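Below is one structure, written out as structure tokens; the observations come after it.
Numbers restart at 1 for each chain; the letters A, B, ... are given by sequence-line order, proteins then strands. None of these values were measured; they are calculated from a predicted model. FYI, side chains are in, hydrogens and waters are out, and symmetry mates aren't considered; it's all heavy atoms of this structure.
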Number of protein chains: 2
Amino acid sequence: MREALKLAQRGADLGEVPIGAVIVKDNHIVSQAHNWRETWRDPTAHAELVAIREASRVLGGWRLEGCQLYVTLEPCPMCAGAIMLSRLDAVYYGAADPKGGAVESKLHTFQSGLWNHDPKFHGGILADECGMILKEFFRTLRERRS
Amino acid sequence: MREALKLAQRGADLGEVPIGAVIVKDNHIVSQAHNWRETWRDPTAHAELVAIREASRVLGGWRLEGCQLYVTLEPCPMCAGAIMLSRLDAVYYGAADPKGGAVESKLHTFQSGLWNHDPKFHGGILADECGMILKEFFRTLRERRS
């Protein structure tokens, strides 16, 4: 999660909402990404989605069994869907997202019993730091605008 | 939807699950894609997601306001999430997906009142043809395997 936080900061330096994601297999980092939405002008370029695409490229296949995702913010519905499709084993996230979280906040995607792959998950890891970097980013943004 | 069906067939010819998507703005096609998951080895390369990314590139921004998506199969949770994130105006789909549909079948993503963008939607457009191309694809696949 420390690596994911570093990525989030790198995103913030580019004007991206600071969220970072790292995919790990056998204790090695397979892929890492921050949010790229603004730079790439791509609404799907969330850190998790970019990291999943990169991990698939690195591992040579779309099934990410045996992999774990670390992400600084609770995944949104799109990313929760991508996590199921990629068959990731587990998701560990930092801050909860009361407005957009699809793991425990607004939806319980992985506990619904509706889908054919339910990864393990655990939230709240370095939650204060993961939340703080977001708060700081939006505070600075508001100050610049006013 | 006829264009989306043609794309689905092109996908099938490449061994992709035949789903096609077209994004339209002011009655002009902005982007189009079929499923690319197997060829690209990318679990996120659903027709809708690829079309959304391409439309953002073509239009030069991640907000697809004023755009409509036509897709041959009811979107999954990931794609429904991407549709909300991209602010598409409306989604028109062909066949329902009882196993994985996140618009009307298994989830009612756009009617949940949980998210900050709820596109209009309408399903069942050329549903028989959109469903048939999928059935035919999986029938052929089973025959080849047995």
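Closest of all the heavy-atom pairs between A:Ala8 and A:Pro18 is O-CB, 3.2 Å. For the pair A:Ser56 and B:Arg41, the tightest heavy-atom approach, listed with the atom from each and the gap, is CB-O, 3.2 Å. Between B:Pro98 and B:Lys106, the shortest heavy-atom distance links the atoms O-CG, 3.4 Å. Nearest heavy-atom pair across B:Glu16 and B:Asn35 is CG-O, 3.2 Å.
Counting heavy atoms from C-beta on, the side chains of B:Val71 and B:Ile19 come closer than 4.5 Å. The shortest distance between side-chain heavy atoms of A:Lys6 and A:Glu3 falls below 4.5 Å. Looking at A:Val22 and A:Val24, their side chains come closer than 4.5 Å, going by heavy atoms from C-beta outward.
For B:Asp42 (side chain) and B:Thr44 (main-chain N/O), a donor-acceptor pair under 3.5 Å exists by modelled atom type. Remark: the backbone N or O of A:Val103 is not paired with any side-chain donor or acceptor of A:Thr109 at under 3.5 angstrom.
The contact list for residues 72-93 of chain B toward chain A, using heavy atoms and a distance under 4.5 Å, reads B:Cys76, B:Pro77, B:Met78, B:Gly81, B:Ala82, B:Met84, B:Leu85, B:Ser86 by residue number. Interface residues of residues 58-66 of chain A toward chain B, defined by a heavy-atom distance below 4.5 Å and sorted by number: A:Gly60, A:Gly61, A:Trp62. Residues of residues 110-141 of chain B having a heavy atom under 4.5 Å from any heavy atom of chain A, listed by number: B:Leu114, B:Trp115.
In this structure, SG on B:Cys67 lies 6.5 Å from CD1 on B:Ile23, to the nearest 0.5 angstrom. A distance of 12.5 Å separates CG of A:Asn27 from NZ of A:Lys25, quoted to the nearest 0.5 Å.
Hydrophobic cluster membership differs between A:Leu7 and A:Leu14, with clusters built from Ile, Leu, Val, Met, Phe, Trp and Tyr side chains linked at under 4.5 angstrom.
Partners of B:His46 under the ring pair (Phe, Tyr, Trp, His ring centres under 6.0 Å) rule, at least two apart in sequence or in another chain, do not exist in this structure.
With respect to chain A, the highest number of heavy-atom pairs below 4.5 Å among B:Glu38, B:Arg57, B:Lys99 belongs to B:Glu38.
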